[in-house]
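Worksheet: the structure to be examined is printed underneath.
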Amino acid sequence: MSDWPDLLGPVEEVAPRLLGAVLRHGPVAVRLVEVEAYGGSDDPGSHAFRGPTPRSSIMFGQAGRLYCYLSYGMHVCLNVVVGHEGEAGAVLLRAGEVVDGHDEVRTRRPGARERDLARGPALLSRALGIDLASNGADLASGPVRLERRASTDTAYAAGPRVGLRGAADRPWRFWVPGSPQVSAYRRHPRAPDLANQPDVS
DNA sequence: CTACCGATATTCT
DNA sequence: GAATATCGGTAGA
């Protein structure tokens with residue numbers, strides 16, 4: 001396991017080390033090319049910002065488990081829980097490249113363009129066929145597995161997270177430069193302007 | 001590529 | 001009641 005990332009470090013340091021890792025569920029495997037870090041009480045963009053809730057309590061638990069939640073009431077998003085127990089942390093898996101089970105993914109998403117098969121957090125979970133029943137699964141021994149990545153370190157880029165209102169500019173999104181599967185950056189409609197322009201009253 | 005819109009669970013006001 | 005870690009459709013530059 002010498003080249004497997006240590007999931008107990010700070011979430012913004014753990015997250016980029018997951019790039020290049022492979023997530024497998026049955027016949028389908030996806031190589032991760034885009035992730036985002038989410039923290040605890042110091043991260044206004046995190047589900048754990050205001051402490052544990054029925055949904056977010058798993059973020060405070062053991063590292064190496066799967067956190068699945070429903071986004072906007074309909075899309076499943078996948079996270080790897082990181083950090084020590086009692087401290088919230090999770091890495092949102094935003095996009096990947098299908099490296100196995102291609103035909104299975106095609107039956108789930110007929111007509112999708114090749115690079116779009118797992119381009120976006122909800123599309124990634126759909127490609128893998130993972131739903132909320134897998135929430136809390138152990139990624140080392142369950143049916144959903146995080147497999148060891150290639151031994152070489154993956155080069156990465158960093159920038160602001162997608163679609164957040166709070167802490168919109170914290171550079172906690174990480175991706176593999178040049179990967180066609182990296183999803184397009186979208187700023188939250190009500191996020192404050194980048195250049196702190198005075199308001200027009 | 002951009003912009004808007006609707007669907008809708010969990011959480012907060 | 002309203003916001004949100006999204007997506008797929010449609011429309012337009």
Side-chain angles (χ1 to χ4, degrees), chain A residues 10-12 14-16 18-19 23 30 32-61 65-83 87-98 105-136 156-175 178-194:
Chain A
V11 63
E12 71 274 25
V14 172
L18 291 176
L19 294 172
L23 188 66
V30 167
L32 303 176
V33 300
E34 182 187 357
V35 299
E36 281 175 357
Y38 287 89
S41 57
D42 61 339
D43 181 5
S46 171
H47 288 164
F49 180 54
R50 296 163 204 272
T53 66
R55 178 173 70 170
S56 69
S57 59
I58 186 169
M59 287 182 67
F60 294 80
R65 316 238 288 183
L66 190 64
Y67 167 37
C68 311
Y69 72 92
L70 209 50
S71 177
Y72 288 84
M74 60 200 106
H75 301 300
V76 176
C77 295
L78 309 177
N79 301 249
V80 177
V81 175
V82 306
E87 296 177 9
V91 178
L92 172 66
L93 310 180
R94 285 200 55 89
E97 171 193 2
V98 176
V105 176
R106 274 282 167 213
T107 66
R108 291 171 185 150
R109 308 209 46 234
R113 298 183 48 178
E114 180 63 27
R115 71 164 193 184
D116 293 334
L117 289 175
R119 190 180 194 238
L123 300 181
L124 179 66
S125 68
R126 195 188 298 180
L128 286 160
I130 297 172
D131 59 23
L132 295 180
S134 295
N135 190 33
Y156 67 88
R161 294 175 290 186
V162 173
L164 292 200
R165 170 100 188 262
D169 298 318
R170 192 179 297 196
W172 278 14
R173 174 183 181 230
F174 307 95
W175 66 93
S179 273
Q181 294 87 5
V182 173
S183 56
Y185 176 64
R186 294 263 182 276
R187 193 169 181 82
H188 191 282
R190 304 224 309 140
D193 286 343
L194 272 177

_Can you measure A:M74 atom CE to B:dC5 atom P for me and round it to whole angstrom units?_
16 Å
*Rounded to whole angstroms, how far apart are CZ on A:R94 and C1' on C:dC7?*
11 Å
*asked:* Given 3.5 Å as the limit, does a donor-acceptor pair link the side chain of A:N79 with the main chain of A:V81, or not?
replied: no
*pi-stack flag for A:Y38 and C:dA5, centroid dist under 5.5 Å, interplanar under 30°*: yes
*What is the distance from OH of A:Y72 to C1' of C:dG9, rounded to the nearest Å?*
17 Å
*Between A:R50 (CZ) and C:dT4 (C1'), how many Å, whole number?*
12 Å
*asked:* Taking any heavy-atom pair under 4.0 Å as a contact, classify A:G163: base, sugar-phosphate, or nothing.
replied: sugar-phosphate
*Please determine, by modelled atom types, if A:E34 and A:S183 share a side-chain donor-acceptor pair under 3.5 angstrom.*
yes
_Nearest-Å distance for atom pair CG/P, residues A:L132 and B:dT8_ = 15 Å
*asked:* Any N or O donor-acceptor pair under 3.5 Å from the base of C:dA5 to the side chain of A:Y69?
replied: yes
*A:R161 side chain vs A:A37 backbone, donor-acceptor pair below 3.5 Å*: yes
_Nearest-angstrom distance from the residue atom OH of A:Y67 to P of C:dA5_ = 11 Å
*Quick one: does A:R170's side chain have a donor or acceptor within less than 3.5 Å of a partner on A:P44's backbone?*
no
*Looking for any heavy atom pair under 4.0 Å, which part of the strands does A:L70 touch: base, sugar-phosphate only, or nothing?*
sugar-phosphate
*Looking at A:H188, does any N or O in its side chain come under 4.0 Å of the phosphate oxygens OP1/OP2 on C:dT4?*
yes
*Output the single nucleotide from C:dT6, B:dT10, B:dA7 whose closest atom is nearest the side chain of A:R55.*
B:dT10
*Would you jot down, in residue-number order, the residues of residues 119-129 of chain A having a non-hydrogen atom under 4.0 Å from DNA chain B?*
none
*How long is the line joining CG of A:D43 and C1' of C:dA5, in whole Å?*
10 Å
*asked:* Dot-bracket for DNA chain C, please. Rules: Watson-Crick or G-U, both distances under 3.5 Å, ( ) within the strand, [ ] when a pair crosses earlier ones, | for another strand, . otherwise.
replied: ||||.|||||||.
*Kindly point out which of B:dT2, C:dA5, C:dC7 is positioned nearest to the side chain of A:N79?*
C:dA5
*asked:* side-chain contact (heavy atoms from CB on, under 4.5 Å) for A:L117 and A:V30? Distances and angles first, verdict last.
replied: CA-CA 10 Å; A:L117 289 175; A:V30 167; over 6 Å; no
_For a 4.5 angstrom cut-off between non-hydrogen side-chain atoms, does A:V162 reach A:R186?_
yes
*side-chain contact (heavy atoms from CB on, under 4.5 Å) evaluation trace for A:F174 with A:V91*: CA-CA 10 Å; A:F174 307 95; A:V91 178; over 6 Å; no
*So, is A:T53 near the phosphate of B:dT11, with a side-chain N or O under 4.0 Å from OP1 or OP2?*
yes
*Is the CZ atom of A:F49 crowded by more than 12 outside heavy atoms at less than 6.0 Å?*
yes
*Donor-acceptor pair, side chain of A:S71 and main chain of A:C77, under 3.5 angstrom*: no
*Closest nucleotide among B:dC12, C:dG8, C:dT6 to the A:R109 side chain*: C:dG8
*Quick one: is A:R165 getting a side-chain N or O under 4.0 Å of the C:dT4 phosphate, OP1 or OP2?*
yes
*Phosphate contact (C:dT6 OP1 or OP2) by A:R161 side-chain N/O below 4.0 Å*: no
*Under a 4.0 Å N-O cut-off, is there an ion pair linking A:E114 with A:R106?*
yes
*To the nearest Å, give me how far apart CZ (A:F49) and P (C:dA3) are.*
18 Å
